[in-house]
A.B. asks: 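Handing you a structure now.
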Amino acid sequence: MYQSKKIGVFVSHIFGDFQRTMCQGITDRAEEYGYATEFFASADGEDFGAYANGEKSILRIPHFDDFSGVIFISGTYLQADIRGLIARTLSEKCSCPILEIAQHDTIFPHLVLGNGLCARELTVHLIREHHCRRICYVGCESELDSSDPRRDLCAEVIQKYGLSFGEEDAADCSYTRESVASALEVFLSGEKKPDAILCYNDRMAVIVMEYLLRQGLRIPEDICVTGFDDLTVSRNCSPDLTTVTFPLHEMGAKAFDLLRDCFTGKAPLPEETVIPSQPVYRGSCCAQKKHDLPNPLFYENHLLRKVNDREAAMLSDIKLSAALHSVMDLDDGMDLLEDFVSAIEDCQELYLCLYPDWDHMSGHIRRIASVPDTMDSTDQIEMIFAFRNGVRLAECRFSGKNILPDYLYHETNPSYIFFPLFYGEREFGYAAMAFMDGKISAGFSILMFLRNINSMLARIFDIRQTGVLVHRLEDISDRDELTLLPNRGGFRLAADLLLAAAASESKTLLAMRFEVAGLPQITKQYGRAERDFAICVAGHALEGAVSAPNREALFTSETHPAADQSGNGTSTEGGASAASICISHQGGGEFLLLASVEDAEKQNRANFFTRSIRTYLDNYNRLHTKPYEIHVLSECRTAGAAEVKSVEDLFP
């Protein structure tokens, strides 16, 4: 049964520890109350260049009317444009309550971490407990929206205690040793060395600590260091890092509770809800709090496993990329993909869904290639790949009114993560994933996996589009520009096929040459435009003769289907032979016709073609008021197909 109790969650970089833990809190609490969660995940912030332009297609996936509530974790989006686009779309399309999780620049009722209290508390602790008089701050230049407020709070406390904090006491760095070293060299070069360094987060703090220790400084005896986030590394470095821990899982659960209270009518969403964070004082500022670290073997093994996992993911990415590189057919690609899905850790379900217009060519290309617009108005989504519980399921189509087929939703209230499938500005569809036991197990390797799928879809699309253009180019090169009938080259190709087929069937060849009568006089008296006009009329007459609907009635001894109107001898209705007739405009007023016939019918066919052309021109001459009449002269010869080696034998 289709799950009607849903919470929609918009989040970027879901494979980050912060995001994954918070999202797990949302889905765990939602499941307690019988709600499914649908996560719409972007990779905003990763440097994919022009490839990432299509990330806005994430907004094409959700069915906004299905949600009981929406959680917008806007603080995870580094790019203001996509963050703003999502916010505007939610405002326009959602009638349900919306809760935002961010530290600043919020639009909706929001949930925030209590950063301020902890930043102040850390600073007060350093001043009062450790008598620090010069405190410096190392921020993050790529995350200034979060880094600057922490710096300002620290500065406020420092100045409140009558201490100085100027531009020389703060620096914004990247996560490189060189960048951090440059900042610390400035801090350490003055007469008054820092007593403490507050860092934007643990990641930055670990780099700072490494530099200080390499300079022979003792932590915390010579200088104290603090961080934020309470990462695994902060508990396993030496000395262990003073930091701030965030109750991320509880924060996700609280977000759902606030929404549920709202849409059940218990209480409206408060404008702001603060989740308190907690300082954790350790050995990097408190020598007396130093304790024996866990056996380093455990952490080393943890790091080795992470390295091995990353290497395995990279190798899998290389193998998948190589396997899909030469794929030209969608079904072949899905067959290859099956071998790689089982390698995704804890992946219970994976579905790839394409929009009905995923491979629709632009109007510009269709006009160039003279391809009709066959795109219909169907809303059917095509599920080209389905994997569930270790088994590949059959492909299917389902109504675009649903985000997935109804039969996939079951009573366990699953949580799905949706990723857009795109390449640049092209929107292909989306991938849906579910992990074992409702866990949010998406890792960064998922991005590499999806990138390969996107590249394959883009390549298949390009191959189809290029094929259409090449076919059009070949068609143009084989056609006469004036009459649009096959030219000499096109006639040669069609005639060679016809000769081979006729020889294998022991047929007779009928070769006819037509010439527009009096063409030099028409040119001399009326000009080149009228000459060209007369040639085109004669070409239409020949084209009509070979495609005349009543032609079959004249040849009762055999069934020869009519050639198509393009004159290349391919069949039309009735199931025709592929190369029974070919025609061409050879230049000037000369036209050629070559047909494969039964010997007993060769004269009937020759008479029919001649009569059809003359009848067409006689009718034209009577109905039009040109100062000249258009007629053709014809000649004919026949030969057994076995006797003819080339088309020149028939048209010397």
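Residue numbers start at 1 and run along the sequence shown.
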A.B. asks: Give me the ring orientation class for Tyr35 and Phe256: parallel if the planes are under 30° apart, tilted from 30 to 60°, perpendicular past 60°.
C.D. replies: perpendicular
A.B. asks: For the CD1 atom of Ile14 and the SG atom of Cys23, what is their distance to the nearest 0.5 Å?
C.D. replies: 4.5 Å
A.B. asks: For residues 315-330, which residue pairs qualify under salt bridge (Lys or Arg N to Asp or Glu O under 4.0 Å), counting only residues two or more places apart or in two chains?
C.D. replies: Asp317-Arg451
A.B. asks: Considering the options His104, Gln103, His110, which one meets the side-chain hydrogen bond (donor to acceptor under 3.5 Å, both in side chains) requirement together with Thr106?
C.D. replies: His110
A.B. asks: Can you name the residues that form a side-chain hydrogen bond (donor to acceptor under 3.5 Å, both in side chains) with Asp335, not counting sequence neighbours?
C.D. replies: Arg392
A.B. asks: When you compare the side chains of Asp240 and Asn236, does any donor N or O come within less than 3.5 Å of an acceptor on the partner?
C.D. replies: no
A.B. asks: Could you check whether Glu349 and Tyr351, counting side-chain N and O atoms only, form a donor-acceptor pair closer than 3.5 Å?
C.D. replies: yes
A.B. asks: So, using side-chain hydrogen bond (donor to acceptor under 3.5 Å, both in side chains) as the criterion, who are the partners of Gln19 when residues are at least two apart?
C.D. replies: none
A.B. asks: With distance as the sole criterion, is a donor-acceptor pair present between the side chains of Asp230 and Thr243 under 3.5 Å?
C.D. replies: no
A.B. asks: List for me each residue that meets salt bridge (charged side-chain N to carboxylate O under 4.0 Å, His left out) alongside Arg88, sequence neighbours excluded, and say none if there are none.
C.D. replies: none
A.B. asks: Would you call Asp145 and Arg150 a salt bridge, taking side-chain N to carboxylate O under 4.0 Å as the test?
C.D. replies: no
A.B. asks: Salt-bridged, Lys439 to Glu345, with N to O below 4.0 Å?
C.D. replies: no
A.B. asks: Applying salt bridge (charged side-chain N to carboxylate O under 4.0 Å, His left out), can you list everything that pairs with Asp339, at least two apart in sequence or on another chain?
C.D. replies: none
A.B. asks: Checking Ser12 against Thr76: is there a side-chain donor and acceptor pair closer than 3.5 Å?
C.D. replies: no
A.B. asks: With sequence neighbours left out, write down each residue that passes ring-ring contact (aromatic ring centres under 6.0 Å, His included) with Phe10, or none if nothing qualifies.
C.D. replies: Phe40
A.B. asks: Sort out for me which residue in Asp346, Ile417, Thr21, Ile26 forms a side chain to side chain contact (heavy atoms under 4.5 Å, CB included) with Ile440.
C.D. replies: Ile417
A.B. asks: Looking at residues at least two apart in the chain, or sitting in another chain, which of them share a ring-ring contact (aromatic ring centres under 6.0 Å, His included) with Tyr200?
C.D. replies: none
A.B. asks: Just to verify, what does Glu141 make a salt bridge (charged side-chain N to carboxylate O under 4.0 Å, His left out) with, not counting sequence neighbours?
C.D. replies: none
A.B. asks: Please list all pairs meeting side-chain hydrogen bond (donor to acceptor under 3.5 Å, both in side chains) that have one or both residues in residues 248-267, counting only residues at least two apart or in different chains.
C.D. replies: Asp28-His249, Arg29-Asp257
A.B. asks: Can Arg60 be said to sit on top of Tyr355's aromatic six-ring, NZ or CZ under 6.0 Å from centre and within 45° of the ring axis?
C.D. replies: yes
A.B. asks: Test Phe15 against His13 for ring-ring contact (aromatic ring centres under 6.0 Å, His included), laying out the working first.
C.D. replies: CA-CA 5 Å; Phe15 32 78; His13 214 289; 4.3 Å; yes
A.B. asks: For the pair Ile403 and Phe398, evaluate side chain to side chain contact (heavy atoms under 4.5 Å, CB included) and give the outcome as yes or no after the intermediate values.
C.D. replies: CA-CA 9 Å; Ile403 196 169; Phe398 61 94; over 6 Å; no
A.B. asks: Using the side-chain hydrogen bond (donor to acceptor under 3.5 Å, both in side chains) criterion, which residues pair with Ser95? Sequence neighbours excluded.
C.D. replies: none
A.B. asks: Give the minimum heavy-atom separation between Leu269 and Ile98, together with the two atoms involved.
C.D. replies: CD1-O, 3.4 Å
A.B. asks: If you measure from CG on Leu85 to OH on Tyr77, what distance do you get to the nearest 0.5 Å?
C.D. replies: 10.5 Å
A.B. asks: Specify the closest pair of heavy atoms between Trp358 and Phe428, including all atoms of both residues, with the distance to one decimal.
C.D. replies: CB-O, 3.4 Å
A.B. asks: Can you list the residues that meet the salt bridge (charged side-chain N to carboxylate O under 4.0 Å, His left out) rule with Arg426, with sequence neighbours excluded?
C.D. replies: Asp462
A.B. asks: With sequence neighbours excluded, what pairs up with Tyr175 under the ring-ring contact (aromatic ring centres under 6.0 Å, His included) test?
C.D. replies: none
A.B. asks: Using the six-membered ring wherever Trp is involved, compare the ring planes of Phe385 and Phe387 and label them parallel, tilted or perpendicular (cut-offs 30° and 60°).
C.D. replies: parallel
